[in-house]
Amino acid sequence: MDSKEIDLLVRRLEVSAGGADFPIVTQLAERQHDPFKILISTVLSLRTKDEVTGKATEKLFRLASTPEGMMKLSEEEIRQAIYPVGFYRNKARQIPEICRDLVERFFSRVPDTLEDLLSLKGVGRKTANLVLSLGYGQEAICVDTHVHRISNRLGLVKTKTPEQTEFALQDTLPRCYWSRYNTLLVSFGQRVCRPVSPLCSSCLLGDLCPRISVTSHR
DNA sequence: AAAACGGGGGC
DNA sequence: GCCCCAGTTTT
């Protein structure tokens, strides 16, 4: 796929994903340029729907908005604030831990390198890359289940794991598309090209999808 | 590579 | 009741 075809694909994804008015894009834009907020909200978003995560993040930040403040919150306080995101045992425990790490090892700042971000407890490649991309404006591809699934469905990559997808996309996509691409694909994956009962009839990319007539896209 | 983790909400 | 979800960690 040459760069002209890729540019066309990204544009078509933009149209299919519904453009900037889509809630996820709006929410992400609001969190932009605040790496700490992006980090915390992404940890909260693990296996949880994004509308729920957005509200939970706001409530939590009303309690404390800095690593210093947040590391002092009790598990119970956090649990109440972030209801109903689920995964409380992990999340309510990890947040003060991450904040303590930020204060003690990184001078209360969210790191801006992949290696440092991955050293935080509960932060994996997807979270780390999202912080780099949205928080620090670096070109990064963060691969979640949507990006993994749809990149394969569109034939951009042929991979088994999200990590393989990340590296394959780095080879396939020019850098300038990385940040736009992953945000778009998540929107597209949630509203149109869903894992279960995808809206193929209203999808504008049917000609690129080998499974257009198949009922399930899993 | 696969399983464990883990809980509210939608149907 | 059953299944799904912007993942990460452990076996």
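In what follows, chains are A, B, ... by sequence order, proteins preceding strands, each numbered from 1.
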Round to a whole Å and report the spacing from [atom1] of [X] to [atom2] of [N].
| X | N | atom1 | atom2 | answer |
| --- | --- | --- | --- | --- |
| Lys160(A) | dA1(B) | NZ | C1' | 10 Å |
| Leu46(A) | dT10(C) | CG | P | 14 Å |
| Lys91(A) | dT9(C) | NZ | P | 13 Å |
| Ile98(A) | dT8(C) | CD1 | P | 10 Å |
| His146(A) | dC5(C) | NE2 | C1' | 8 Å |
| Leu120(A) | dG7(C) | CG | P | 19 Å |
| Leu39(A) | dT8(C) | CG | P | 11 Å |
| Ile150(A) | dC5(C) | CD1 | P | 12 Å |

In whole Å, measure the gap between the [atom1] atoms of [N] and [M] for me.
| N | M | atom1 | result |
| --- | --- | --- | --- |
| dC4(C) | dA3(B) | P | 16 Å |
| dT11(C) | dG6(B) | P | 13 Å |
| dA6(C) | dC11(B) | P | 15 Å |

| query | Does Lys126(A) put a side-chain nitrogen or oxygen below 4.0 Å from OP1 or OP2 of dT9(C)? | reply |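 Looking at the OP1 and OP2 atoms of dT9(C), neither is under 4.0 Å from any side-chain N or O of Lys126(A).
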| dT8(C) phosphate, OP1 or OP2, under 4.0 Å from Thr127(A) side-chain N/O |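 Thr127(A) to dT8(C) OP1/OP2: side-chain N or O found under 4.0 Å.
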| message | Which is more 5' along DNA chain C, the nucleotide nearest Asp144(A) or the one nearest Gln94(A)? Just name the residue. | response |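 Upstream on the strand: Asp144(A).
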| request: Encode nucleotides 6-11 of chain B as B, S and - characters from 5' to 3', where the letter depends on protein heavy atoms closer than 4.0 Å: B to the base, S only to sugar-phosphate, - to neither. | output: BBSS--
| With distance as the sole criterion, is a donor-acceptor pair present between the side chains of Ser179(A) and Ser133(A) under 3.5 Å? |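 Short answer, yes.
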| query | For residues Asn152(A) and Thr159(A), is any side-chain donor paired with an opposing acceptor at under 3.5 Å? | reply |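 Yes, Thr159(A) and Asn152(A) have a side-chain donor paired with an acceptor closer than 3.5 Å.
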| said: For a quick check of understanding: with a heavy-atom distance under 4.0 Å over all strands, which category does Lys121(A) fall into, base, sugar-phosphate or nothing? | reply: sugar-phosphate
| message | Is it the case that over 12 heavy atoms from other parts of the model lie below 6.0 angstrom from the CZ atom of Arg89(A)? | response |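 Counting neighbours around CZ of Arg89(A), 12 or fewer heavy atoms of other residues, nucleotides or ligands fall under 6.0 Å, so no.
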| field | Watson-Crick/G-U partner (both atom distances under 3.5 Å) of dG6(B) | value | none
| message | Can you tell whether the side chains of Lys37(A) and Glu58(A) come within less than 4.0 Å, N to carboxylate O? | response | yes
| query | Hey, are the side chains of Leu63(A) and Lys59(A) touching, using non-hydrogen atoms and a 4.5 Å cut-off? | reply | no
| Sub-4.5 Å side-chain heavy-atom contact between Val192(A) and Leu205(A) |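 SC-SC contact between Val192(A) and Leu205(A) ruled out.
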| query | What is the minimum heavy-atom distance between Pro67(A) and Cys99(A), and which atoms define it? | reply |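 Where Pro67(A) meets Cys99(A) most closely, the heavy atoms are O-CB, 3.5 Å.
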